[in-house]
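Whatever order the structure lists them in is the order used to number ligands and atoms, beginning at 1. All residue numbers in this chain count up from 1 along the given sequence.
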Amino acid sequence: MYLSISSRLMYALCTVTLLAGTVSAVHAADATPSAHVTILATGGTIAGSGATSTTTVGYTAATVGVDRLIAAVPELAKVAQVKGEQVFQIASENMTNEHWLKLAKRVNALLAQPDVDGIVITHGTDTLEETAYFLDLTVKSKKPVVLVGAMRPGTALSADGPINLYNAVLLAASQEAVGKGVLVAMNDQIHAARDVTKTNTSTPDSFKTPELGMLGYIQGNKPYFYHVSNRKHTADTEFDISKLDALPQVDIVYGYANVGPVALNALVGAGAKGIIHAGVGDGSLASKVAPALTAARKQGVLIVRSARVGQGIVARNGEANDDALDFVVSDTLNPQKARILLMLALTKTSDSKEIQRMFYTY
Ligand code: DAS
């Protein structure tokens with residue numbers, strides 16, 4: 001076949017372009033990712049192990065160290081330059097205020113380093129939503145902080161930990177996650193720390209943001225955001241834990257049919273500085289409990305009316321005359337998250353009007 005000179009030149013140009021493309025693709029596949037992500041390991045099922053491959057309950061949490069977690073997912077190296085730190089090794093039902101303060105201080109110290117672009121925290125699922133919200137209110141950076149856990153131990157068939165960890169690191173290394181607040185990456189979904197909650201004792205789809213909605217997905221090695229959180233968080237927080245060694249004692253009392261004031265009086269007697277009332281319905285107060293709450297308020301205990309139902313706004317002056325009783329309402333925060341915001345609020349003020357503002361801000 002005889003080609004004119006211009007056709008030969010075009011053919012040669014196309015060949016060189018194709019080869020260059022192939023070479024760059026090969027290099028791209030082997031290129032060291034630029035993002036530096038630190039994994040802070042705290043324990044939980046993601047670090048758990050069971051006796052057999054079908055043991056998905058009755059396993060032991062918090063047995064596998066951070067180096068083995070990372071080694072079990074070599075694909076992490078394709079999405080970030082990863083370092084691991086074992087900050088705790090506990091089942092998260094045992095998480096304490098002291099753990100939270102230590103973790104938040106470590107996160108802030110790492111994020112202040114120019115060579116850290118994002119942080120992933122591996123965590124038990126039982127209190128993951130609480131730690132996430134505490135960090136959402138105390139991390140002083142726009143860099144991504146992503147919490148991740150697992151509903152099945154790494155020894156189980158279809159363990160969810162490895163893919164959850166991969167997704168969390170990919171998210172923490174992404175530009176898309178910058179400035180979005182503390183995130184939770186579970187089951188290929190991206191949730192905001194403020195509104196996510198564990199909804200099932202054992203299934204991999206346990207983490208949901210029931211009515212306010214999750215923020216997006218992780219699919220095909222990429223995060224997709226469809227919403228952002230409207231409330232203040234992270235770099236915009238007014239709370240500073242850098243000099244705190246303890247948090248004010250805040251406890252939760254649960255509402256139910258036939259409830260009395262015994263638990264409430266015991267908690268106030270033990271020195272609670274704040275009480276979250278997890279009321280039935282729209283945060284209703286039983287007539288046998290209301291006088292004890294009023295008395296506690298008069299003693300200087302800050303009272304927040306939340307609701308055990310988990311979704312919806314607890315209306316101020318709805319089921320109780322909050323103005324007259326000088327109570328605060330939790331807005332849409334569930335009781336366990338309202339407790340976190342009240343603890344931090346009490347590190348700054350005991351003024352109930354200021355604290356109510358905070359519940360409408362975060
Ligand atoms: N006990 C649970 C915890 O550590 C195990 C888990 O689900 O992570 O939170």
State whether [X] and [Y] are salt-bridged, where the test is any N-O pair (Lys NZ or Arg NE/NH1/NH2 against Asp/Glu carboxylate O) under 4.0 Å.
X: Lys143; Y: Asp117; answer: no
X: Asp331; Y: Arg194; answer: yes
X: Glu354; Y: Lys348; answer: no
X: Glu130; Y: Lys198; answer: no

Using the ring centroid of each side chain, check whether Tyr133 and Tyr362 are separated by less than 6.0 Å.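 So the answer is no for these two rings.
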Provide, to 0.1 Å, the distance between [atom] and the closest protein heavy atom, together with that atom's residue and name.
atom: atom 1 (N) of ligand 1; result: Glu93 OE1, 2.8 Å
atom: atom 5 (C) of ligand 1; result: Thr45 OG1, 2.7 Å
atom: atom 7 (O) of ligand 1; result: Thr125 OG1, 2.4 Å

Short N/O distance, under 3.5 Å, between Ser92 and ligand 1?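 Yes; at least one N/O pair falls below 3.5 Å.
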Considering the heavy atoms of Gly44, write down every atom of ligand 1 situated less than 4.0 Å from one of them.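 With Gly44 as reference, the close atoms of ligand 1 come out as 4 (O), 8 (O).
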For ligand 1, which atoms, with element, lie under 4.0 Å from some heavy atom of Ala91?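 Heavy-atom distances to Ala91 below 4.0 Å select 4 (O).
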Just do the side-chain contact (heavy atoms from CB on, under 4.5 Å) check on Val329 and Phe359 with the steps written out, would you? CA-CA 8 Å; Val329 289; Phe359 273 83; over 6 Å; no
For atom 2 (C) of ligand 1, state which one of Thr60, Asp126, Ile90 supplies the nearest heavy atom.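 Looking at heavy atoms only, Asp126 sits closest to atom 2 (C) of ligand 1.
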